[in-house]
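Below is one structure, written out as structure tokens, with a few remarks after it.
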Amino acid sequence: MVTPRTFSAAGSVRASRHMNHLLNPLRRGVTVRQAFQPTTTMDEADVKMPSEGMFTMSRPEERRIVPRDEKGRKKFKVVYVVLESQYQSSMTAACRNINKNQDGVCVETVGYLLEELRDPANYEAFKRDVADANMFIGSLIFVQDLAEKVVEAVKPVRDNLDACLVFPSMPDVMKLNKLGQFNFGSLGVGGDKGEEAPKPKKSSVVKDFFKAASKASPATFEENLLKLLRTLPTVLKFLPAGIAQDGRSFLLSLQYWLGGSDDNLENFLLMIANKYVDGIKDQDLIDEKAIAPPNLIAEKGIWHPLASKVFDNTDEYLQWYNEEMCPLNGVATDAPTVGIVLQKSHINTKDEAHYTSLFQELEARGCRVVPVYTGSLDFSIPIEQYFYDRTGKPIVDSVINLTGFALVGGPATQDHDRAVEVLRKLNRPYMVSVPLVFQSFEEWEKSSLGLHPVQTALQVSLPELDGAIEPIIFAGRDGATGRSVPMSDRIDILAERSMNWAKLTNMENKDKK
């Protein structure tokens with residue numbers, strides 16, 4: 001049997017050569033951590049050639065939602081920046097619901113994909129939008145040079161915003177957070193001028209966290225950040241009442257955002273507008289009692305679109321699957337089993353059609369599936385928790401990572417040693433398939449370079465250093481809605497390849513050809 005370690009050794013050689021070939025013409029003398037950043041020598045001609053693959057041709061203006069008729073209602077404006085497009089559809093639906101159903105308020109919103117800020121015209125439009133916004137939202141801003149652009153645009157106008165909310169991102173971007181009296185300066189973290197107000201000892205945990213954050217990998221940073229946020233209710237007890245109340249609103253905002261659905265985002269925007277937007281707060285324009293609390297799924301688990309719940313126990317999932325799904329699909333309970341790693345945000349935002357399409361194809365071919373997810377950037381966590389039985393024996397015969405990211409580290413860097421350790425222990429073929437992120441399906445088809453160079457580095461070269469094989473593009477992005485669209489012919493190939501690897505896992509070496 002060929003082990004993941006063998007894959008890793010071969011993959012590392014290929015990845016190193018491929019990354020050097022790909023990145024050297026674009027980036028002079030940068031570190032691996034910065035490998036996907038463009039150089040400052042890029043000229044204006046490069047910037048204006050999205051067809052060459054450097055920039056997406058999608059236009060943020062096409063995501064702008066403006067109320068058709070304000071009808072005397074108070075309007076507030078929201079600007080958001082996200083790494084990937086799955087939030088676009090949910091935000092659009094949430095804002096349209098507000099404009100349709102609210103009598104006292106309406107909302108204008110415009111969203112930017114992080115990669116779009118490389119384009120000077122988009123960046124100037126972004127700065128103009130932020131300058132007259134009521135609310136700024138950022139999430140998963142882990143690309144260093146683009147994080148600096150966000151800070152450069154938002155920091156000068158931060159004090160004029162009614163709310164500035166940044167969810168798991170790089171430390172300097174996180175420090176932009178401001179909600180009423182709550183900000184990271186109020187927790188003992190230096191403000192814009194490096195000042196620190198004397199605070200109770202309990203708040204020093206936040207200060208210590210940010211001191212160490214610059215040395216942490218993005219995977220570690222996000223995981224630690226989420227742990228930190230879970231400790232904030234304890235910290236808030238030691239802060240003045242006003243700051244504590246605003247801190248709780250920040251935590252509630254994070255829960256709404258991570259929830260990701262249309263309803264969660266609608267209630268999130270109404271909650272912030274009702275409490276913090278000038279001209280709306282204290283005016284009884286929004287029915288506070290009608291704002292529902294966040295509706296959340298577990299932070300990690302086993303998810304199947306036909307199950308009535310998320311499973312946190314492998315035995316329970318397999319019992320349900322063998323009793324209900326196997327008879328339904330005509331699949332044997334001892335059939336080859338493919339473990340599938342998913343990104344939680346696609347489940348939250350109901351942007352999971354590309355996932356479901358692969359499940360259905362595998363099941364139609366007589367295969368069982370165990371789809372797992374996590375909300376963190378450390379995808380080794382659900383592998384270790386859900387891909388083994390009680391005796392420690394793997395329950396999967398092959399693995400497909402549909403996030404496209406490195407196993408530990410996500411979009412910015414990776415813990416290669418940790419990934420190899422986890423995959424060597426599992427000892428199963430490990431494929432990382434690629435959903436288009438920085439291009440729409442149409443852009444990818446027309447591009448002379450094929451896959452965007454940044455995505456090639458992030459989702460082909462870096463996963464290969466973990467030992468990943470066969471980076472098959474299996475889903476595109478709809479340019480109008482931002483939703484993921486499965487590519488049927490490539491789903492077929494991916495299902496066939498993963499099943500063949502699964503069969504090889506259970507075949508004696510003497511029988512392999």
Do V396 and V338 have side-chain heavy atoms sitting under 4.5 Å apart?
-> no

Would you give the length of the straight line joining atom OG1 of T92 to atom CD1 of I65, rounded to the nearest 0.5 angstrom?
-> 4.5 Å

Gap between atom CG of N177 and atom CG of L165 - 0.5 Å precision | 6.0 Å

L254 versus P168, closest heavy-atom pair with distance | CD1-CD, 4.0 Å

Examine distances only and state if a side-chain atom of Q459 and a backbone atom of T456 form a donor-acceptor pair shorter than 3.5 Å.
-> no

Can you tell me how far CH2 of W320 sits from CD of E316, rounded to the nearest 0.5 angstrom?
-> 11.0 Å

Taking every non-hydrogen atom, the tightest pair across L494 and S433 | CD1-OG, 3.1 Å

Intermediate values then yes/no, side chain to side chain donor-acceptor pair (under 3.5 Å), Q455 and E115 = CA-CA 10 Å; Q455 189 171 3; E115 186 67 19; over 6 Å; no

Hey, does Y388 have a side-chain heavy atom less than 4.5 Å from the side chain of K425?
-> yes

Under the side-chain contact (heavy atoms from CB on, under 4.5 Å) criterion, do W501 and E470 qualify, and how do the steps go?
-> CA-CA 11 Å; W501 281 114; E470 304 205 38; 2.6 Å; yes

Would you say the side chain of V166 lies within less than 4.5 Å of the side chain of S139, judging by non-hydrogen atoms?
-> no

Pairwise side-chain contact, Q385 with V372, heavy-atom cut-off 4.5 Å (strictly under) | no

Do Y256 and N267 have side-chain N/O donor and acceptor atoms under 3.5 Å apart?
-> no

Give a yes-or-no answer on whether the side chains of D351 and T349 include a donor-acceptor pair shorter than 3.5 Å.
-> no

Rounded to the nearest 0.5 Å, how far apart are CG of D378 and CD1 of I383?
-> 9.0 Å

Determine whether more than 12 heavy atoms belonging to other residues, nucleotides or ligands lie under 6.0 Å from atom NZ of K344.
-> yes

Centroid-to-centroid, W257 to Y87, below 6.0 Å?
-> yes

With no hydrogens and no angle check, is any side-chain donor or acceptor of S253 less than 3.5 Å from a backbone partner on S249?
-> yes

Intermediate values then yes/no, side-chain contact (heavy atoms from CB on, under 4.5 Å), L362 and T337 | CA-CA 9 Å; L362 285 167; T337 302; over 6 Å; no

Can a cation-pi geometry be assigned to K300 and F379, taking NZ or CZ under 6.0 Å from the six-membered ring centre and within 45° of the ring axis?
-> no

So, S261 and D263: side-chain donor and acceptor under 3.5 Å apart, yes or no?
-> no

Determine, for E361 against R365, whether the closest basic-nitrogen to carboxylate-oxygen distance falls under 4.0 angstrom.
-> yes

Carefully, step by step, assess D397 and N506 under the rule side chain to side chain donor-acceptor pair (under 3.5 Å).
-> CA-CA 7 Å; D397 301 306; N506 295 312; 3.2 Å; yes

Can you label the angle between the Y321 ring and the H304 ring as parallel, tilted or perpendicular, going by 30° and 60°?
-> perpendicular

Under 3.5 Å, side chain of D466 to main-chain N/O of A419, donor-acceptor pair present?
-> no

Answer yes or no: is there an ion pair linking R418 with E384, defined by an N-O contact shorter than 4.0 Å?
-> yes

Do M487 and L436 have side chains that get closer than 4.5 Å, going by heavy atoms?
-> yes

When R483 is tested against each of S89, S85, S90 for side-chain hydrogen bond (donor to acceptor under 3.5 Å, both in side chains), which residue passes?
-> S89

Distance (rounded to the nearest 0.5 Å) between L140 CG and S345 OG | 7.0 Å

Minimal heavy-atom distance between I491 and P486, with the atoms involved, is CG1-CB, 4.3 Å

When you look at N313 and Y386, which way does the side chain to side chain donor-acceptor pair (under 3.5 Å) test go after all the steps?
-> CA-CA 7 Å; N313 181 285; Y386 302 121; over 6 Å; no

Start with the C-alpha gap between L318 and T333, add the side-chain angles, then the distance that decides, and say whether side-chain contact (heavy atoms from CB on, under 4.5 Å) holds.
-> CA-CA 9 Å; L318 289 178; T333 57; over 6 Å; no

Taking the six-membered ring for Trp, are Y355 and F359 parallel (under 30°), tilted (30 to 60°) or perpendicular (over 60°)?
-> parallel

Side-chain (H354) to main-chain (A475) donor-acceptor, under 3.5 angstrom | no

Of the options C367, P336, S498, which is the one that meets S398 in a side-chain contact (heavy atoms from CB on, under 4.5 Å)?
-> S498

Taking atom types as modelled, find out whether N329 and R368 have a side-chain donor-acceptor pair closer than 3.5 angstrom.
-> no

Does some side-chain heavy atom of E443 sit less than 4.5 Å from a side-chain heavy atom of R477?
-> yes

If you take all heavy atoms of A332 and C326, which pair is closest and at what distance?
-> O-SG, 4.1 Å

In Å, rounded to the nearest 0.5 Å, how long is the span from CG of L114 to CG of L146?
-> 4.5 Å

Shortest non-hydrogen pair, I286 vs A273, comes out as CD1-CB, 4.1 Å

Would you call M174 and M170 a side-chain contact if the rule is heavy atoms closer than 4.5 Å?
-> no

Heavy-atom distance under 4.5 Å between the side chains of M431 and V399, does that happen here?
-> no

Walk me through it: do F167 and L258 pass the test side-chain contact (heavy atoms from CB on, under 4.5 Å)?
-> CA-CA 9 Å; F167 305 121; L258 295 179; 5.8 Å; no

Inspect the surroundings of CD in E288 and state if more than 12 heavy atoms from other residues, nucleotides or ligands are less than 6.0 Å away.
-> no

Residue pair H346 / S484: nearest heavy atoms and the distance that separates them | CE1-OG, 3.6 Å

State whether a side-chain donor-acceptor pair under 3.5 Å links Y276 with D246.
-> yes

